Amino acid sequence: MNTHTHLLSHWRNLGIIAHIDAGKTTLTERLLWKTGEIRRVGEVHDGAATTDFSAIERERGITIGAAAVQAHWAPRGGDDHRLTLIDTPGHIDFAIEVERSLRVLDGAVAVFSAVDGVQPQSETVWHQARRHGVPLIAYVNKMDRVGASFERVLGQLQDKLQARPWALGWPLGEESQFHGWVDFVGRQIVEWDNAGNPTRQDWSADQQAQWQPHRLRLIEAVADHDEVLADAWLAGTAVDDAQLRAALRRATLAGAGVPVLAGAAFKSKGIDTLLDAIVDFLPSPLDRPAVVATRGDDEVLLPPDPKGPLAGLLFKITHQSHAALSFVRLYSGTLKVGDQVASSQHAQGRRISRLVRVQADHTHDITEAVAGEIVAVIGWKDAVSGETLSAPSAPLLLDTIHAQHAVLAWRLNADKASDLIRMSQALSSLAQEDPSFRVATDAVTGETLIWGMGELHLEVMVERLRSEWNVPVRVGEPRVAYQETPARAVQGVEGKVAKQTGGQGQFARVLIEVTPTGDDAVRFVDRTVGGVIPKAFVAAVEKGVRAALEEGPRGHPVVGIEVTLTDGQTHAKDSSEMAFHRAGSEAVKAALATAGTRLLEPVMEVAIHAPSGNVGDVVGDLNRRQGRVASIEDHGAQVEVLGYAPLARLAGYTTALRSLTQGRASSDMRFNGYEEVQAA
């Protein structure tokens, strides 16, 4: 094994993902403490957590930006492994942080509260991870809390997430008496003292009799998805811990199942067993499929080879101490200080003047980084999230990061005219950091509009304007992102430009059809035959069509439409790309005027946790907001109501819900999709 391969096999790039308040940041803090990276533990509720280092995160006690930290761990006294951990936000408004982290990470630990189980945002991040093919470990946290149930969470993983959970052991003691873990793989009992220090003992004869049937069930479950273990199992060979560990690793990397552990991060219990599992079962960069890049029309497969062609994805931008940090995941090749690199977003390319390894809000200079690493470049002012970095002699393009559509806007005004320039600079930086945050200008009033994923997202951005950039701003009425879609199909609509009097003329004629598609796509199809319109002019028609669809008859973007170019006419001298651009635009406007459009609005999925005595009030309030109830789950004293409601009717919903239930209910919202606006 060469040195680079050996190094890569001992690296783990992983994310900590979960619902808000499941304990991700506390867990990350304990992982850093247990590995010796920090000397004392900082608490989220005290505003002292290592990875929640911005003033707003510390004030609110939530994670907003995904923070990167590094640690080292040697499981069972073996080889040292390097872990790069990213603590991601749990609130749906910051889903882009989770999305771009999962895009570049190799594995993830999904954290669940032993009391609350699988919550709505847990489902969202779980499915995000599955969509990216990221192998997962589940960690059931808060086992020391009243109402904790490891068994219930295992059932919910199966029922709610359609996961195949493999319990690697069983908790010892319940609630405040939680003190240990039965390790099915290593056939040991692990017990933690009050400081979280473990003692391990092999099973006694009595413990062997009690727990061996559970171990055999685990072996049987994994053997269903691993041929090597199945052969040993069927041959009647005793399966030792090394064989079971290797089979669990193969099956986890293949996505066949999810190893599940338990602990109480706040009490530092179950941290060492989780660190062992991270090394044992999550992938190294070598275990992930080769990344696909494109070079022109060709696809290039990129294994994680430091000597291969350079390919890195710039996945996140932050501003620290007045310097921009551009986070890069290197998939292939080696990046060195002084290198000139090609960029998919910057025609002149970029120069690596300073390369660093990031430890939360601290940086450590390095001279080079190799495939499999996550590092940051300091000093690029105009970097774009999602751009590909590659060698100038062999430019490549990686799949970019896709942000969800922003669904809510606030009007923004600076208190003083003298603050306008600083406000503009600040908003530009914030939009550069966060692709799901957008800045626009109201065409009628000229006011600045900021678009985001929800109220909390926009609140945080406004707070950052005030605190980090010292720009006092006033916020106006919210605005919802409506869309339009054609009400019916129309055919044979003409778009014509004919200006042929004196000098160079303009001539273009196109015929189009418009069809509703029922999804949110915008498609353009060329069905002209015999070259009646040259290819360059067809491209101009498409550009004109797409430009016209940015604002439909009601003033909103048009989606769910297929525009088909069926025929056209050119003039030998007077036709131009500009003329066909205009003709395409005019044809679409005429088609939409004939077809009419239906107005669509964003609809949110709302999960409400409320005392059972308030369920009538909660449902009644949702109905008044034109919402509909999908399900009501009874959990004894608490109920979980799942419903859907238009975003436009949910302004100030959190406050209203608290008022209805004397502050005892909470809610989570996530964007569900667009639906036709219903008459009030």
Side-chain angles (χ1 to χ4, degrees), residues 14-53 57-64 67 69 71 73 83 85-91 108-119 121-122 125 137-154 168-182 190-199 260-278 360 609 666:
L14 65 137
I16 312 287
I17 61 173
H19 184 94
I20 194 166
D21 280 343
K24 293 178 306 303
T25 302
T26 300
L27 177 61
T28 306
E29 197 74 5
R30 294 313 186 278
L31 292 170
L32 290 175
W33 171 75
K34 183 62 85 171
T35 55
E37 294 299 321
I38 56 174
R39 289 167 189 262
R40 62 178 291 277
V41 171
E43 303 300 356
V44 176
H45 54 262
D46 294 334
T50 307
T51 52
D52 283 356
F53 49 79
E57 288 177 315
R58 291 184 164 174
E59 186 182 317
R60 287 177 175 262
I62 62 169
T63 303
I64 290 164
V69 287
W73 185 251
L83 317 179
L85 295 160
I86 293 192
D87 171 29
T88 62
H91 198 286
V109 175
V111 184
F112 300 92
S113 160
V115 180
D116 301 312
V118 175
Q119 295 168 279
Q121 184 58 11
S122 317
V125 295
I137 289 176
Y139 180 78
V140 181
N141 192 22
K142 304 189 180 183
M143 285 301 304
D144 58 329
R145 299 284 181 89
V146 175
S149 170
F150 184 64
E151 198 166 1
R152 185 176 66 240
V153 179
L154 286 176
L168 300 187
W170 205 259
L172 288 172
E174 291 184 344
E175 300 178 349
S176 62
Q177 302 304 308
F178 171 68
H179 67 279
W181 177 249
V182 183
V190 186
E191 294 192 87
W192 297 288
D193 64 18
N194 290 336
N197 298 310
T199 54
V260 187
L261 298 99
F266 186 63
K267 300 275 179 67
S268 302
K269 294 177 180 178
I271 305 302
D272 46 317
T273 46
L274 176 61
L275 281 163
D276 286 352
I278 285 169
H609 311 270
S666 63

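Nothing here was measured: the structure is a model prediction, and the numbers come from that model.
Taking each heavy atom of Ile17 and Ala108 in turn, the nearest pair found is CD1-CB, 4.2 Å. Between Tyr139 and Gly263 the shortest heavy-atom distance is OH-CA, 3.2 Å. In terms of heavy-atom proximity, Trp181 sits nearest to Leu172 at N-CD1, 3.8 Å. The two atoms that bring Ser113 and Asp116 nearest to each other are OG-N, 3.1 Å, heavy atoms only. For Leu32 against Ala71, the heavy-atom pair with the smallest separation is CD2-CB, 4.3 Å. Across every non-hydrogen atom of Ala195 and Ser268, the tightest pair is O-CB, 3.9 Å.
With contacts defined as side-chain heavy-atom distances shorter than 4.5 Å, the pair Leu85/Val109 does not qualify. Using a 4.5 Å cut-off on side-chain heavy atoms (C-beta onward), Lys142 and Phe112 make no contact. Contact of the Leu83 side chain with the Leu31 side chain is not registered, since no non-hydrogen atoms from C-beta on lie closer than 4.5 Å. Inter-residue side-chain proximity for Ile137 and Leu274 is flagged as met; some heavy-atom pair is nearer than 4.5 Å.
Looking at Lys34, its side chain does come within 3.5 Å of a backbone N or O of Gly196 through a donor-acceptor pair. A donor-acceptor contact shorter than 3.5 Å links the side chain of Arg152 to the backbone of Ala114. The main-chain N or O of Phe178 is found under 3.5 Å from a side-chain atom of Lys269 such that the two form a donor-acceptor pair. Remark: the backbone N or O of Ala265 is paired with a side-chain donor or acceptor of Asn141 at under 3.5 angstrom.
Between the CD1 atom in Ile271 and the CG atom in Asn197 there is a gap of 12.0 Å [rounded to 0.5 Å]. The NZ atom of Lys267 sits 13.5 Å away from the NE2 atom of His179 when rounded to the nearest 0.5 Å. Rounding to the nearest 0.5 angstrom, the gap separating the CE atom in Met143 from the OG atom in Ser176 is 12.0 Å.
Under a cut-off of 6.0 angstrom, the local environment of CD in Glu174 is sparse, with at most 12 non-hydrogen atoms contributed by other residues, nucleotides or ligands.
Under the 30°/60° scheme for interplanar angles, the aromatic rings of Phe150 and Trp170 are found to stand perpendicular.
The one candidate from Val182, Asp272, Thr199 that meets the side-chain contact (heavy atoms from CB on, under 4.5 Å) condition with Val190 is Asp272.
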